[in-house]
Amino acid sequence: MRLSRFFLPILKETPKEAEIASHRLMLRAGMMRQEGAGIYALLPLGLRVLNKICAIIREEQNRAGAIELLMPTIQSAELWRESGRYDDYGKEMLRIKDRHDREMLFGPTNEEMITEIFRAYVRSYRDLPLNLYHLQWKFRDEVRPRFGLMRGREFLMKDAYSFDVDAAGARHAYNRMFVAYLRTFARMGLRSIPMVADTGPIGGNLSHEFIVLANTGESEVFCHRDYLDFEVPGEGVNFDDRMELQGLVDGWTSLYAATSEKHDCEAFRGLPQDRQVSARGIEVGHIFYFGTKYSEPMRAVVAGPDGAEHPVHMGSYGIGPTRLIGALIEAFHDDDGIKWPEAVAPFSVAILNLKQGATDTDAACEQLYRALSAKGVDVLYDDTEGRPGAKFATADLIGVPWQVLVGPKGLAEGKVELKRRSTGARELLTPADALARLTA
RNA sequence: CGGAGUGUGGCUCAGCCUGGUAGAGCACCUCGUUCGGGACGAGGGGGUCGCAGGUUCAAAUCCUGCCACUCCGACCA
């Protein structure tokens, strides 16, 4: 992508409403625009990051055996009356009426709808286990949205729903998602810690929140320091192997880890002093097992091996991709801007033409740009008329992991400068070597 | 939902107390000089001061109502 043809509305000054780093940087880097309280438009740069995040989520959901579908944002009140949640959910739910005065709502979650879909088709335990997920916009009418995308009212959510014939099967489904979540966040460069959680209005009795530690996190969390060094399950995990998964989950739940709502001071103080981590964290995922809470009232039943009908055991598993954008920035930034991990970076490489219009720099940049593009590298070529200083500042701000600085000074010696955004490390290389390095 | 604030050009803000022809910096356009860490000079365009009433000869400024947004708290993925 040529910057001269891209849409990247950088802000030099910080909009006053932005209190925390991720909010401030997303506005400054031209990633999003606020359209209302807790409602944001994602601009091209922000969308690129969101798409990368979603791609990783999809890969790991699919790997764990979940199947993607897509449910609507608008639901009927009738469905929610079946589960009893229409009256329970409160003002957080955005209720609307259509032209026929039918009561509708903008979905804050999809348990009812997925249960309705399930019960319409699935009759036999032989069709289980089943885990269906989608990535869809949700709306929760928060009393007080804040922190930009971290706590907006409209937000994207990956929500998966598992169906099993019994509690043991549901536990396996839960473990699949548990391990998938560890992998998902790790691939984005984030260390997530599963913490015992409150189940809230979704209900159930087995639940973990996946927390990323960050100073600006909204929740107070407590955990054993060893979790910071735990090994994340690799690609080779066999998600069909119940014992293997249970072993992994047992390991990852063996030490103390809880959010403030579930905090047990005494247990925590029992840890060795140097193992106690008391910090703030951002909830990036939440998984629940809630048994037959919905399947019973909504009559989602299957015939078991015994020929009798059994309500299915369900769980639901959420990840907030839009919130993850914020969490990632909280985790990876400095005074100059964002430092994207490569897996989620909007572009992998930025080429900075330090003297646009000069024959040699133009030629060197064009050649690099074409070569990188041909190799499938996501490259942003700053071919604008700006001065070098402004280009450095922009590149640092938007946080592209690698910068190739092409200027007359270096080219005089046949070199370009390769800069790593995360560390600031620089190296003088020939264009060919730089290309080789970036496509290795 | 309680409390506290803020709405003036795309952004950051001054002006409001003490009413009298709407300002600055940045951004934008033109020209010139610059060109390896957010350049400089000259010229230029852009705002019915959140909305609606009211007071007044006169309202960005005073009064009333409404709306939007932000922050603290309670709440929450």
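First the proteins, then the strands, lettered A, B, ... as listed; each starts at 1. All values below were derived from every heavy atom in this structure, side-chain atoms included, with hydrogens, water molecules and symmetry-related copies excluded. The structure displayed is predicted, hence computed values, not measured ones.
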[X] [atom1] to [N] [atom2], straight-line distance once rounded to whole Å:
{"X": "A/D382", "N": "B/rG36", "atom1": "CG", "atom2": "P", "answer": "15 Å"}
{"X": "A/R153", "N": "B/rA68", "atom1": "CZ", "atom2": "P", "answer": "10 Å"}
{"X": "A/F147", "N": "B/rG73", "atom1": "CZ", "atom2": "P", "answer": "8 Å"}
{"X": "A/F392", "N": "B/rG36", "atom1": "CZ", "atom2": "P", "answer": "8 Å"}
{"X": "A/D360", "N": "B/rG36", "atom1": "CG", "atom2": "C1'", "answer": "14 Å"}
{"X": "A/L27", "N": "B/rA27", "atom1": "CG", "atom2": "C1'", "answer": "17 Å"}
{"X": "A/L397", "N": "B/rC11", "atom1": "CG", "atom2": "P", "answer": "17 Å"}
{"X": "A/I39", "N": "B/rA68", "atom1": "CD1", "atom2": "P", "answer": "12 Å"}

Separation of the [atom1] atoms in [N] and [M], to the nearest angstrom:
{"N": "B/rU18", "M": "B/rU61", "atom1": "P", "value": "14 Å"}
{"N": "B/rC72", "M": "B/rC40", "atom1": "C1'", "value": "45 Å"}
{"N": "B/rG47", "M": "B/rU21", "atom1": "C1'", "value": "15 Å"}
{"N": "B/rC17", "M": "B/rC1", "atom1": "C1'", "value": "33 Å"}
{"N": "B/rC69", "M": "B/rU12", "atom1": "P", "value": "16 Å"}
{"N": "B/rG50", "M": "B/rA22", "atom1": "P", "value": "14 Å"}
{"N": "B/rG65", "M": "B/rU70", "atom1": "P", "value": "23 Å"}
{"N": "B/rU64", "M": "B/rG3", "atom1": "C1'", "value": "23 Å"}

If you go through the side-chain atoms of [X], does one of them form a donor-acceptor pair with the base of [N] closer than 3.5 Å?
{"X": "A/R387", "N": "B/rU34", "value": "yes"}
{"X": "A/R151", "N": "B/rC76", "value": "yes"}
{"X": "A/R146", "N": "B/rG73", "value": "no"}
{"X": "A/K419", "N": "B/rG36", "value": "no"}
{"X": "A/R28", "N": "B/rG38", "value": "yes"}

On RNA chain B, more 5' by nearest nucleotide between A/A18 and A/T394 is A/T394

Considering heavy-atom distances to RNA chain B, does A/A390 or A/A37 have its closest nucleotide positioned more toward the 5' end? A/A390

To the side chain of [X], which of [options] is closest?
{"X": "A/E13", "options": "B/rC72, B/rC26, B/rC76", "value": "B/rC26"}
{"X": "A/Q34", "options": "B/rG25, B/rC71, B/rC69", "value": "B/rC69"}
{"X": "A/E92", "options": "B/rC72, B/rC76, B/rC69", "value": "B/rC76"}

What's [X] touching, base or sugar-phosphate or nothing? Going by heavy atoms closer than 4.0 Å.
{"X": "A/G318", "value": "nothing"}
{"X": "A/L354", "value": "base"}
{"X": "A/E19", "value": "sugar-phosphate"}
{"X": "A/G36", "value": "sugar-phosphate"}
{"X": "A/L405", "value": "base"}

For [N], does OP1 or OP2 lie under 4.0 Å from any side-chain N or O of [X]?
{"X": "A/Q356", "N": "B/rC35", "result": "no"}
{"X": "A/K391", "N": "B/rG38", "result": "no"}
{"X": "A/K12", "N": "B/rA27", "result": "yes"}

Do A/Y294 and A/E82 come within less than 4.5 Å of each other through their side chains, counting heavy atoms only? no

Please examine the side chains of A/R146 and A/E19, heavy atoms only from C-beta on, and report whether any two atoms are closer than 4.5 Å. no

Counting only Watson-Crick pairs (N1-N3 plus N6-O4 or O6-N4) and G-U wobbles (N1-O2, O6-N3), all under 3.5 Å, who is the partner of [N]?
{"N": "B/rG25", "answer": "B/rC11"}
{"N": "B/rC35", "answer": "none"}
{"N": "B/rC75", "answer": "none"}
{"N": "B/rC16", "answer": "none"}
{"N": "B/rA42", "answer": "B/rU30"}
{"N": "B/rG53", "answer": "B/rC63"}

Do [Y] and [X] meet the salt-bridge criterion of a basic N to acidic O distance under 4.0 Å?
{"X": "A/K158", "Y": "A/E60", "answer": "no"}
{"X": "A/E342", "Y": "A/R421", "answer": "no"}
{"X": "A/R85", "Y": "A/E111", "answer": "yes"}

Does A/R95 make a cation-pi contact with A/Y89, if we ask for NZ or CZ under 6.0 Å from the ring centre and within 45° of the axis? no

A/N215, CG: over 12 other non-hydrogen atoms inside 6.0 angstrom: no

Exactly one of A/L50, A/I282, A/V284, A/L156 should register a side-chain contact (heavy atoms from CB on, under 4.5 Å) with A/L324. Which one does? A/V284

